[in-house]
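Report on the following structure.
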Number of protein chains: 2
Amino acid sequence: MSIKQVAKIAGVSIATVSRYLNSPEHVREKTRRKVQEAILQTGYAPNALARNFRRGRTSLVVVILPSVGDPFFAGVMRGIWRVAREEGYSILIRETQFNTLEFDEYSDIVFSKQADGIILLASTSPFMKEGNGKLGKNGGHKGEKLPPIVIGCETVAPQLSHYPSVRVDNESAAAEATRHLIRLGHRRIGFISGLHTSLLTRGREQGYRQAMTEAGLEVADNWIAEGRQTIEGARGAVHYLLAQSPRPTAIFCANDEMAMGAMHELRRAGLRIPEDISVLGFDDIRYAEVLDPPLTTVAQPAEEIGEHTMQRLCRAIGGDDIGGEPEIVPHRLVIRESTGAPPAD
Amino acid sequence: MSIKQVAKIAGVSIATVSRYLNSPEHVREKTRRKVQEAILQTGYAPNALARNFRRGRTSLVVVILPSVGDPFFAGVMRGIWRVAREEGYSILIRETQFNTLEFDEYSDIVFSKQADGIILLASTSPFMKEGNGKLGKNGGHKGEKLPPIVIGCETVAPQLSHYPSVRVDNESAAAEATRHLIRLGHRRIGFISGLHTSLLTRGREQGYRQAMTEAGLEVADNWIAEGRQTIEGARGAVHYLLAQSPRPTAIFCANDEMAMGAMHELRRAGLRIPEDISVLGFDDIRYAEVLDPPLTTVAQPAEEIGEHTMQRLCRAIGGDDIGGEPEIVPHRLVIRESTGAPPAD
DNA sequence: TTGTAAGCGTTATCAC
DNA sequence: GTGATAACGCTTACAA
């Protein structure tokens, strides 16, 4: 009833009010003033609900991520927001924590018009049933188009392999980081990965293995410890690694958060970093450089990842075919003081 | 057109399909099956846009906060999400960074039906013009109701003082923390606050001053340093404090993030913590205990704050009068190893 | 228990 | 430039 009231007060038709709102240049100066006056008088605010309904779009984008707590994602989000603001989107965040979401749950968000598109940041569970209904591999929701989805940061489940993504080359990056440790003289290098149900760190583990193999070094099974990608998870993993014999002289953690937990646990065990054992992280979150010692880690351009992901999504929503290839953004090994030569032994 | 198609295929009216969706118990078993079959066949998903429009509500709540990066807010968000899920709301996040938003910009979110309610986490700028239009102190958007807004975490601008909030007693908490330092023997205690444009840390500074005064200690102007509530901000502040003479033997930081920056800068200056100088934080983010040394800080029940805030908002949206009093949740001083006796001097 | 039909606030397509 | 008016997809009296 609201545009109607404004129209009545201004003495024009509702069409004119609508025009005033959406393309004022098509309204005569004099009329414009009348409408403006009426709007001020009534305190009218256009009903976004009705507008979106009519237009058939929500102007909402859902971002799905494992945990907002991670400062790395905060960086990615910032990039997403920047583009979202420019493009007129609001961002809805869904945290998966550690539970498994079916892919259909994502796509339904779009088909039921809760959002115009979806960004998947990092791990999705690989436990999605193949071809169960709405999104087979050549996809389509009973004939409708594929939902606009772009993946940020990480390698993904096979079902998602046809969707575009923006990320660093995790494998190369991890290999490069591992080589840094090897160059320092380490031979026994441990790796703390995420849970095996998470894809977040899969590529990183691959890179680690590759660098080890290529250097002719053994990758003992008991040098790879698995844990939740949390401080607690890393603690448990370190506990496990320290119990091995011989134990690693360096630990590569699949992300910085885990590196922080690892460093703490190592200190509690009475070890000095890097004199007794080296620690390496991944992400270069803002805390990495203020740790004691500052953490050697692989930097990802978080904001850039966010921006590009969102930009690509916008194009997909706009109907462009954005292809399915991953866009690889550059990483950078940041050498600080948590890595050094192994102890004389 | 969609419910229509389903209705046609099922051989019933659209009203029946709608009923099946919203109150299946009012549909005869046999009919129910027909509808279900049709829905499966078509892959129909109700159009949330149309539904919300019709119902006049968005099922969205906007959370406005200075920065998602802060792990403390991540905890609060978790609490908000838990309740939101139960109550059927999705959460839209708006990051203010460091810019000043007008209050009208918030309230318009509700009046233009972009969301059903608003949660304001921590600082809002105090620079909002008084009584400029839509929301005077006895408020109302040209006669409409006050928008449902609940404030989480912090003391607020005078214009918002009539809105309900959920938070710890910052003043008492900060006073208690300061007394801990005094008890350890410190007399010269510095305070690193947020920017003066931010209300985030106002109450905490009050508490600090109160405890100092009450102990008969001087609060020198040059022992209070101001900076952005970031690692960088804290570094600058420490730099300033260390240049004072005599300089403080302990530094109370208005939050843990700043404490992390402070610790790093102190170490760079060659000072040992706590032997040479003590550091105290606020929030007890999850990183606090893995720092070296682990950080003494004031713990806030982040998730609980989030839950209660959201619960209260839900009631407000439901039309209940939830009053304007703040709900105070308990804080707890967590003593770790970053605080100790002052140096003999 | 089911169907008919009004209406939610916009935008878009026409004529004028 | 402006004004009628028909959608958009759904919920909900009210009638049958």
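Letters go in sequence order (proteins before strands), and every chain restarts at 1.
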Look up atom [atom1] in [X] and atom [atom2] in [Y], then write down how far apart they are to the nearest 0.5 Å.
X        : Y        : atom1 : atom2 : result
A/Asp116 : A/Tyr89  : CG    : OH    : 5.0 Å
B/Ile91  : B/Ile119 : CD1   : CD1   : 6.0 Å
B/Ile118 : B/Leu60  : CD1   : CG    : 11.5 Å
B/Gln114 : B/Arg94  : CD    : CZ    : 6.0 Å

Would you indicate, yes or no, if [N] has its OP1 or OP2 atom less than 4.0 angstrom from a side-chain nitrogen or oxygen of [X]?
X       : N      : result
B/Tyr20 : C/dT1  : no
B/Arg51 : D/dG9  : no
B/Ser18 : D/dC10 : no
B/Ser2  : D/dG9  : no

Starting from [atom2] on [N], measure out to [atom1] on [X] and report it in whole angstrom.
X        : N      : atom1 : atom2 : value
A/Phe111 : D/dG9  : CZ    : P     : 16 Å
B/Glu29  : C/dT1  : CD    : P     : 11 Å
B/Leu21  : D/dT11 : CG    : P     : 7 Å
B/Lys4   : D/dT11 : NZ    : C1'   : 14 Å
B/Asn47  : C/dC8  : CG    : P     : 19 Å
A/Arg33  : D/dG1  : CZ    : P     : 15 Å
A/Ile3   : D/dT2  : CD1   : C1'   : 14 Å
B/Lys113 : C/dT10 : NZ    : P     : 11 Å

Less than 5.5 Å between centroids and less than 30° between ring planes, does A/Phe53 satisfy that with C/dT10?
no

Judged by nearest nucleotide, the residue sitting upstream toward the 5' end of DNA chain C, A/Pro46 or B/His26, is B/His26

According to salt bridge (Lys or Arg N to Asp or Glu O under 4.0 Å), does anything in residues 58-78 of chain A pair up with another residue at least two apart or in another chain? List the pairs.
A/Arg78-B/Glu95

Any protein N or O atoms within reach of nucleotides 14-16 of chain D? Criterion: under 3.5 Å, listing atom names and distances.
none

Going by ring pair (Phe, Tyr, Trp, His ring centres under 6.0 Å), name the pairs with one or both residues in residues 5-30 of chain B, residues two or more places apart or in two chains.
none

Ring pair (Phe, Tyr, Trp, His ring centres under 6.0 Å) contacts in which one or both residues fall within residues 48-71 of chain A, not counting sequence neighbours:
A/Phe53-B/Phe53

Write down the atom of B/Pro147, the atom of B/Phe111, and the distance for their closest heavy-atom approach.
CD-CZ, 3.9 Å

Closest to side chain of B/Ser13, choosing from C/dT4, C/dT1, C/dG9
C/dT4

Of the nucleotides D/dT11, D/dC10, C/dT11, which one has an atom closest to the side chain of B/Arg55?
D/dT11

So, A/Arg82 and A/Glu86, do they make that salt bridge, N to O below 4.0 Å?
no

Hey, what are the protein-to-nucleotides 5-7 of chain D N/O distances that come in under 3.5 Å?
residue: D/dA7; atom: N3; partner: A/Arg54; partner atom: NH1; Å: 3.2

Heavy atoms under 4.0 Å, any strand shown: does B/Asn22 hit a base, just sugar-phosphate, or nothing?
sugar-phosphate

Sequence neighbours left out, what pairs pass side-chain hydrogen bond (donor to acceptor under 3.5 Å, both in side chains) with at least one residue falling in residues 45-56 of chain B?
B/Asn22-B/Arg55

